[in-house]
Amino acid sequence: MKLIVIPGDGIGPETMQVAVDVLHAVNQKFDLGLIMEHEIAGHDSLQQRGATVTPELLAKVRAADGLLLGPMATYDFKDEAKGEINPSKFFRKSLDLFANIRPARTYPGVETLTGPFDLVVVRENTEGFYADRNVESGNSEILVTPDVAISLRRITRHCCERIARSAFELAAIRRQHVTLVHKANVLRVTDGIFLDECHKVAKEFPQVTVDDFIVDAMMAHVVRDPARFDVIVSTNMFGDILSDLTAELSGSLGLGGSLNAGAEHAMGQAAHGSAPDIAGQNKANPFSQVISAAMLLTWHGQRRALPAYLAAAKAIEQAMEATIAAGECTRDVGGSLGTRETGVALLKRL
Ligand code: ATP
């Protein structure tokens, strides 16, 4: 597998170093034949190349088997004409990475507000309320007058159908349950299409049970009893918000790994942002990046029928469980170690 690795902004270089060390370790242990090529995007690229991402970088990523992307300082990138392109959007849109898979599970040893749970949020990634990706060119947020603004939400049957399929396929190899999250009581037409497509796909998976919740009520249900959920599927923005909540409920946003997957390409990326408040302080939890790397290995292993990749991902998960259970982790999950020291503790168990 050839992986392009981009450390990203803020805490990215610190957390990515741990993920890269972990990948080197499993590469040796499981003889994966993994090749990692290091690249830049975000602020580094803006300084050195005049744009946060470039067409040359995209070509490299297209030719590789996967991309491990660090967090990006999205909020800093406002003007595309000045090369300030949102790299996450750029890769998601250019590579049609329509499914954002965001697992959230509790770990023995981490105190949480709830009991144990293990769920996955499957979030649509290419349309919805995201002004920078739901139109072919331009932006779907319009300033009509200095005091009036309009934001458009695009929902298509095609995108709803394929995200629903991702969710049901995942549920079929998990606990056979899918929850649809929507606001069809208000957004009758758009979320009507979303629900309609989900129910059509559900017919192909008779073994999978289905329920649905209005997004606001869902917040209460997921806080009260997250264990009742298996796979949760939603449109882009609802899924984005919900998955930060589920990551935090699992102990910390620093445990929120994610995979952005399309038919041909995949990108592992922590669910959180660049966390400038703790950048450069050896405080960030590296597990979100490590989980994202392991998800890339699983994706490649399933696609190419390579059991060694699946075993490597499993070994990473088990090593993480043991490291957390021993309390050898960062402060956000109850430990007292720094990012680097957490990485050392994890490597010891691999
Ligand atoms: P951005 O503008 O890049 O989205 P942000 O700070 O607004 O950055 P996040 O990066 O998602 O948003 O951070 C939200 C909060 O979660 C911050 O207080 C941050 O310190 C914390 N946080 C995020 N990631 C981690 C991590 N890996 N380990 C520990 N804390 C984290």
Side-chain angles (χ1 to χ4, degrees), residues 7-12 14-16 18-19 22 67-75 88 91-92 97 99-107 109-114 116-125 167 170 181 218-219 222-223 226-227 229-234 236-261 266-279 283-299 313 316-317 320-321 323-324 329-335 339 342-343 346:
D9 299 313
I11 57 173
E14 299 162 76
T15 56
M16 189 61 84
V18 175
V22 164
L67 167 64
L68 189 58
L69 183 69
M72 289 290 147
T74 311
Y75 200 70
S88 307
F91 290 118
R92 287 171 184 176
L97 306 175
N100 192 191
I101 315 286
R102 295 184 160 187
R105 53 155 290 197
T106 47
Y107 291 85
V110 179
E111 236 178 81
T112 59
L113 295 171
T114 67
F117 69 88
D118 178 353
L119 58 81
V120 183
V121 176
V122 175
R123 163 199 175 196
E124 205 288 325
N125 227 359
L170 185 59
V181 174
M218 180 66 181
M219 298 296 144
V222 86
V223 168
F229 299 106
D230 178 18
V231 175
I232 302 168
V233 62
S234 196
N236 200 341
M237 188 171 281
F238 296 159
D240 192 14
I241 296 167
L242 179 59
S243 58
D244 264 25
L245 177 66
T246 51
E248 187 62 29
L249 283 177
S250 79
S252 166
L253 204 47
L255 293 172
S258 94
L259 187 78
N260 298 267
M267 171 173 92
Q269 184 189 26
H272 56 73
S274 61
D277 54 334
I278 54 168
K283 280 185 185 166
N285 188 339
F287 288 143
S288 47
Q289 201 64 67
V290 172
I291 293 167
S292 308
M295 290 178 81
L296 264 177
L297 298 182
T298 301
W299 177 80
I316 293 172
E317 192 183 352
M320 266 186 50
E321 278 169 10
T323 309
I324 293 175
C329 44
T330 46
R331 287 178 195 280
D332 59 311
V333 281
T339 311
T342 301
L346 182 58

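Hydrogens, waters and symmetry mates are skipped; everything else that's a heavy atom, side chains included, is used.
- By the 4.5 Å heavy-atom criterion applied to side chains, Ser274 and Ile11 are not counted as neighbours.
- With hydrogens and angles disregarded, no donor-acceptor distance shorter than 3.5 Å links the side chain of Thr323 to the backbone of Glu321.
- Using a 4.5 Å heavy-atom threshold, the side chains of Phe287 and Ile324 count as touching.
- Taking all atoms of both residues into account, the shortest heavy-atom contact from Val110 to Gly251 is CG1-CA, 3.9 Å.
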Checklist entry - Going through the checks in order, is the side-chain contact (heavy atoms from CB on, under 4.5 Å) test met by Thr112 and Phe117? => result CA-CA 10 Å; Thr112 59; Phe117 69 88; 5.7 Å; no
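- Listed for the Asp9 side chain is a donor-acceptor partner under 3.5 Å among the backbone atoms of Ala73.
- With a 4.5 Å cut-off on side-chain heavy atoms, Trp299 and Met267 do not count as touching.
- Minimum heavy-atom separation, Ala313 to Ala294: CB-O, 3.5 Å.
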Checklist entry - Where do Ser243 and Thr246 land on the side-chain contact (heavy atoms from CB on, under 4.5 Å) test, with the steps shown first? => result CA-CA 5 Å; Ser243 58; Thr246 51; 4.2 Å; yes
Item to check | Test side-chain hydrogen bond (donor to acceptor under 3.5 Å, both in side chains) applied to Glu124 and Ser234, step by step | outcome: CA-CA 6 Å; Glu124 205 288 325; Ser234 196; over 6 Å; no
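- Here the CG atom belonging to Asn260 is positioned 8.0 Å from the OG atom belonging to Ser88, to the nearest 0.5 angstrom.
- Proximity of Val223 to Leu113: side-chain heavy atoms (C-beta onward) are nowhere separated by under 4.5 Å.
- In this structure a side-chain-to-backbone donor-acceptor pair under 3.5 Å is missing from Asp230 to Val120.
- The existence of a salt bridge linking Lys283 and Asp332 is excluded, since no basic side-chain nitrogen approaches an acidic carboxylate oxygen closer than 4.0 Å.
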Next on the checklist: Please evaluate residues Val18 and Val290 with respect to the criterion side-chain contact (heavy atoms from CB on, under 4.5 Å), reporting the C-alpha separation (whole Å), side-chain torsions for both, the decisive distance (0.1 Å), and the verdict.
Outcome noted: CA-CA 7 Å; Val18 175; Val290 172; 3.9 Å; yes
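- Counting only heavy atoms from C-beta outward, the side chains of Arg92 and Asn100 approach each other to under 4.5 Å.
- Looking at every heavy atom in both residues, Ala247 comes nearest to Gly256 through CB-CA, 4.0 Å.
- For the pair Pro116 and Ala227, the tightest heavy-atom approach, listed with the atom from each and the gap, is O-CB, 3.5 Å.
- To the nearest 0.5 angstrom, Ser292 atom OG is 12.0 Å from Ile101 atom CD1.
- Counting only heavy atoms from C-beta outward, the side chains of Leu67 and Gln269 never approach each other to under 4.5 Å.
- Between Val222 and Phe229 the shortest side-chain heavy-atom distance falls below 4.5 Å.
- A donor-acceptor pair under 3.5 Å is formed between the side chain of Arg123 and the backbone N or O of Asn236.
- For the atom pair Leu249 CG and Asp244 CG, the distance stands at 11.0 Å (nearest 0.5 Å).
- Looking at heavy atoms from C-beta onward, Val231 lies out of side-chain contact with Val121 at the 4.5 angstrom threshold.
- Here the CD1 atom belonging to Ile278 is positioned 8.0 Å from the CD atom belonging to Glu14, to the nearest 0.5 angstrom.
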Next on the checklist: Using side-chain contact (heavy atoms from CB on, under 4.5 Å), reason through Leu297 and Ile316 one step at a time and then give a plain yes or no.
Outcome noted: CA-CA 10 Å; Leu297 298 182; Ile316 293 172; 3.9 Å; yes
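- Thr339 contributes no side-chain N or O that, together with a main-chain N or O of Pro286, makes up a donor-acceptor pair within less than 3.5 Å.
- Taken from CG in Asp240 to CG in Leu245, the straight-line distance is 12.0 Å, to the nearest 0.5 Å.
- When each of Val333, Leu255, Thr114 is checked for a side chain to side chain contact (heavy atoms under 4.5 Å, CB included) with Ser250, only Leu255 meets the rule.
- With hydrogens and angles ignored, the 3.5 Å screen pairs no side-chain donor or acceptor of Gln289 with any backbone N or O of Thr15.
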